[in-house]
Amino acid sequence: MNEFIQFILGRLSIEYFPKDPVTLGAAIGMPLTVLGLVGLITYLKRWNWLWSNWLTSVDAKKIGIMYIIVAIIMLLRGVADAGMLRLQTALAANGAAGPFSTDTFQQVFTAHGTIMIFFVAMGLAFGIINCVMPLMIGARDMAFPLLNAVSFWLFAAGMVLVNMSLVFGGFSNGGWLGYPPLTGLEYNPGPGVDYWIWSLQVAGIGSLLTGINFVTTILKNRAPGMTLMKMPIFPWSVLVMSVLIMLAFPILTVTLALLGLDRTMGMHFFTSDAGGNPMMYINLIWAWGHPEVYILVLPAFGIFSEIVATYSKKVLFGYKTMVWALLAIMFLSFIVWQHHFFTMGAGANVNAFFGIMTMVIAVPTGVKIFNWLFTMYGGRIAFKAPMIWFLAFVVTFTIGGVTGVMMAVPALDFQVHNTMFLVAHFHNVIIGGVVFGFFAGMMHWFPKIFGFRLHDGLGKLSALFWLIGFILAFIPLYILGLMGAVRRIDSYSDPTWQPLFITSGIGVLFIAGGIGLFVLQLAYSIWKRKQLRDETGDPWDGRTLEWSVPSPAPHYNFAVQPVVAERDEWWRRKQQGRTHVERSEYVDIWLPKNSPVGLVIGVLAGLFGFSIIWHLWWLMAICIVAIIIVVIRRTLIDDNEHHISANELFHEAAKASR
């Protein structure tokens, strides 16, 4: 009987309910929030609307919006985690314990890094790309709309697993990259590391499928006449990003699978027993990890390229240079990973090679900054909120880039490796680059997605708060790193460091204020949406094809497939006065029908991850069989498209233009 109960329950036990006051409060608050949301939807009788318009949608724009919503929710949690970290380091001095235990601090640290990289930065990237990229290349949707939905729901399933650890089981305390032996069974036998592995594994497979979809869409679904060298820079950045995903994410998948086998099957890939080697894990995780840095930041580069050209009223300076810089980064990003462990004994020759390569990759990155500045030179610059975000990015990213080149010198890296200097550098580059880019992109393309503009003044104020917060939060960390403050520590014995930690904590408060202003901007803009409505479809006098359709963009994107003659095709048409589409150009089109397959696979994948975490092998088998059945059943459905006649398209376009 006991064996049967153990088979059914695996290692589920009440001992894994949270006991720490901080995690207990979160564990109670999060389910109550979900229940409240379910109750509100039920009260408003919106379940049918939610199911038919969102949960089963295969429209790339709606999928993109759902990515952005999830990413913003996770951003709120990630910044709350950052506030907890800085609160601890600000107060835990002179022998004081601080508000959090060491284990809680390490869990929060691990969760913060994991959430911000995988579920904020990646979510914002995929969200904006889904909303905008097909429009920019003249496509009606992604090449594989249903696969796009599956990718999102795998991402959402990974997000649920990350947050479920708060409620039951606790999260990993082994760092956001999970170095063994800290994440091995000997030192971490609980479910926390397994939550980390399987949340990333499920979401990572979704990311890999997304990369395949993006590459196929760009290569096969471009508008007639749009050669690769007539394509805007943003789709170029997405193409390079997606190739990196296709090359790098299989490394992550295999690495996590091997670590999972170490933990669940008693293997020894990354332990010192039976011939394993922890350094193999570190090489593999960074062979994925450094391309991941560029997977995150390259779309932001593409966004800034579109924004600077649009608000400067000029052609982007050095288009071909920008393209070749993207391709150079794609190649070089795979031969710099060992600069993450200069101090681990690889030898002078190896360190010299990877140090030089790290300096070399800074060249194509720096080229972009100069191209943007030359684009602005002589232009009629409109300092709207997206441009303010761009200028804030230039400040933070330049600081991060310069300190990165400094750390490329092995001799200096020996001094600052694994210190707060590295933390400051990483945040300046990734958050100051990636998140600033996606905030700029959201404000730039918001009217195209939703049909009304965001309040400009609040957007500028939000950017200012973020910039001040970043300077206050991370400049002290550079100083602390040079003074020898090691990262990942919850308390420090040197009392002279405390003022710098307090200043850094104040910076996090400013960042939180910037997020609050962004939320206020959203709320105010929704309230005043009639006054902020975009009546023209082209509120910024744009240059690329997405501004040629009404706002919000219709579900079919283009009533008539555009034919491209030049790079800035919409700008050319406006200059020639050829913005009108003749009635004879409309033809019938077919679009994919909504499908619950993506949602079902996401739920099953989440249950699959949960079953492995808790050793529910019977549930794991059921999930595998169910996923196979769902996929096979989908392949047998022929009626998966709906028809829109040319007459309907003409009347919808005429109505939208009035």
Side-chain angles (χ1 to χ4, degrees), residues 3 6-7 9-13 15-16 102-103 105-107 109-111 113-114 118 161-162 165 169-202 204-205 248-290 292 337-347 350-351 354 417-418 486-490 608-621 624:
E3 291 181 358
Q6 186 176 4
F7 172 75
L9 297 181
R11 59 172 172 172
L12 290 170
S13 171
E15 70 176 281
Y16 290 114
T102 297
D103 185 64
F105 181 87
Q106 295 300 331
Q107 286 190 43
F109 162 77
T110 304
T114 302
F118 289 93
L161 287 175
V162 163
S165 65
F171 199 59
S172 170
N173 56 10
W176 74 275
L177 283 176
Y179 286 1
L182 292 176
T183 51
L185 278 177
E186 182 181 358
Y187 297 100
N188 235 317
V193 175
D194 298 299
Y195 268 117
W196 178 81
I197 290 172
W198 290 101
S199 63
L200 298 193
Q201 193 72 291
V202 171
I205 292 172
F249 266 79
I251 301 174
L252 177 67
T253 301
V254 170
T255 306
L256 294 176
L258 295 178
L259 183 60
L261 288 171
D262 275 9
R263 293 182 57 82
T264 58
M265 303 287 290
M267 303 291 187
H268 294 282
F269 293 105
F270 304 130
T271 68
S272 298
D273 301 329
N277 188 349
M279 274 303 298
M280 181 168 70
Y281 177 92
I282 296 172
N283 272 283
L284 286 171
I285 202 70
W286 278 116
W288 159 82
H290 204 84
E292 168 69 2
W337 84 91
Q338 282 206 9
H339 69 211
H340 290 278
F341 37 100
F342 276 153
T343 63
M344 294 186 183
V350 173
N351 284 358
F354 284 98
H417 184 80
N418 217 29
V486 179
R487 61 179 175 154
R488 301 178 181 172
I489 304 297
D490 63 316
F608 174 82
F610 182 83
S611 66
I612 297 182
I613 292 166
W614 293 104
H615 298 178
L616 305 172
W617 308 122
W618 60 270
L619 180 59
M620 182 192 74
I624 293 173

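- Residue Gln106 comes nearest to Asn173 through the heavy atom pair CB-CB, 3.7 Å, listed as atom of the first residue, atom of the second, then distance.
- Between the CE atom in Met279 and the OH atom in Tyr179 there is a gap of 8.5 Å [rounded to 0.5 Å].
- When side chains are defined from C-beta on, Trp288 does not count as touching Thr255, because their heavy atoms never get closer than 4.5 Å.
- Between Ile251 and Leu284 the shortest side-chain heavy-atom distance falls below 4.5 Å.
- Of all heavy-atom pairs spanning Gly10 and Leu616, the tightest one is N-CD2, 3.6 Å.
- Taking both residues in full, the closest heavy atoms of Leu182 and Asn188 are given as O-ND2, 2.9 Å, listed atom of the first, atom of the second, then distance.
- Between Arg11 and Asp194 the shortest side-chain heavy-atom distance falls below 4.5 Å.
- The two atoms that bring His268 and Asp273 nearest to each other are CB-O, 3.2 Å, heavy atoms only.
- Exactly one of Phe342, Trp337, Trp286 qualifies for a ring pair (Phe, Tyr, Trp, His ring centres under 6.0 Å) with Phe354. That residue is Trp337.
- In this structure the side chain of Ile613 reaches within 4.5 angstrom of the side chain of Leu161, judged on heavy atoms.
- Tyr16 meets the ring pair (Phe, Tyr, Trp, His ring centres under 6.0 Å) test with Trp614; sequence neighbours excluded.
- For Trp617 and His615, the distance between ring centers is under 6.0 angstrom.
- Between the side chain of Arg487 and the main chain of His417, no donor-acceptor pair closer than 3.5 Å is present.
- Using modelled atom types and a 3.5 Å distance limit, the side chains of Trp196 and Thr114 yield a donor-acceptor pair.
- Distance CZ/Arg488 to CZ/Phe109: 4.5 Å, rounded to 0.5 Å.
- Side-chain atoms of Gln338 and Asn351 form no donor-acceptor pair, as typed in the model, at a separation below 3.5 Å.
- In this structure a side-chain-to-backbone donor-acceptor pair under 3.5 Å is present from Gln201 to Thr253.
- At distances below 3.5 Å, not a single donor-acceptor pair connects side-chain atoms of Asp490 with backbone N or O atoms of Phe105.
- Using modelled atom types, one side-chain atom of Tyr281 and one backbone atom of Gly178 make a donor-acceptor pair closer than 3.5 Å.
- Shortest non-hydrogen contact noted between Pro278 and Ser272 is CD-OG, 4.2 Å.
- Within the 4.5 Å cutoff, the side chain of Pro181 has no heavy atoms near those of the Glu186 side chain.
- Interatomic distance, CD of Glu292 versus CG of Leu252, reported as 8.0 Å (0.5 Å rounding).
- Judged by distance alone, with hydrogens and angles left aside, the side-chain atoms of Arg263 form a donor-acceptor pair with the main-chain N or O of Thr183 at under 3.5 Å.
- When every heavy atom of Phe270 is checked against every heavy atom of Leu259, the shortest pair comes out as CE1-N, 3.6 Å.
- The OG1 atom of Thr271 lies 9.5 Å from the CG atom of Asn277; values are rounded to the nearest 0.5 Å.
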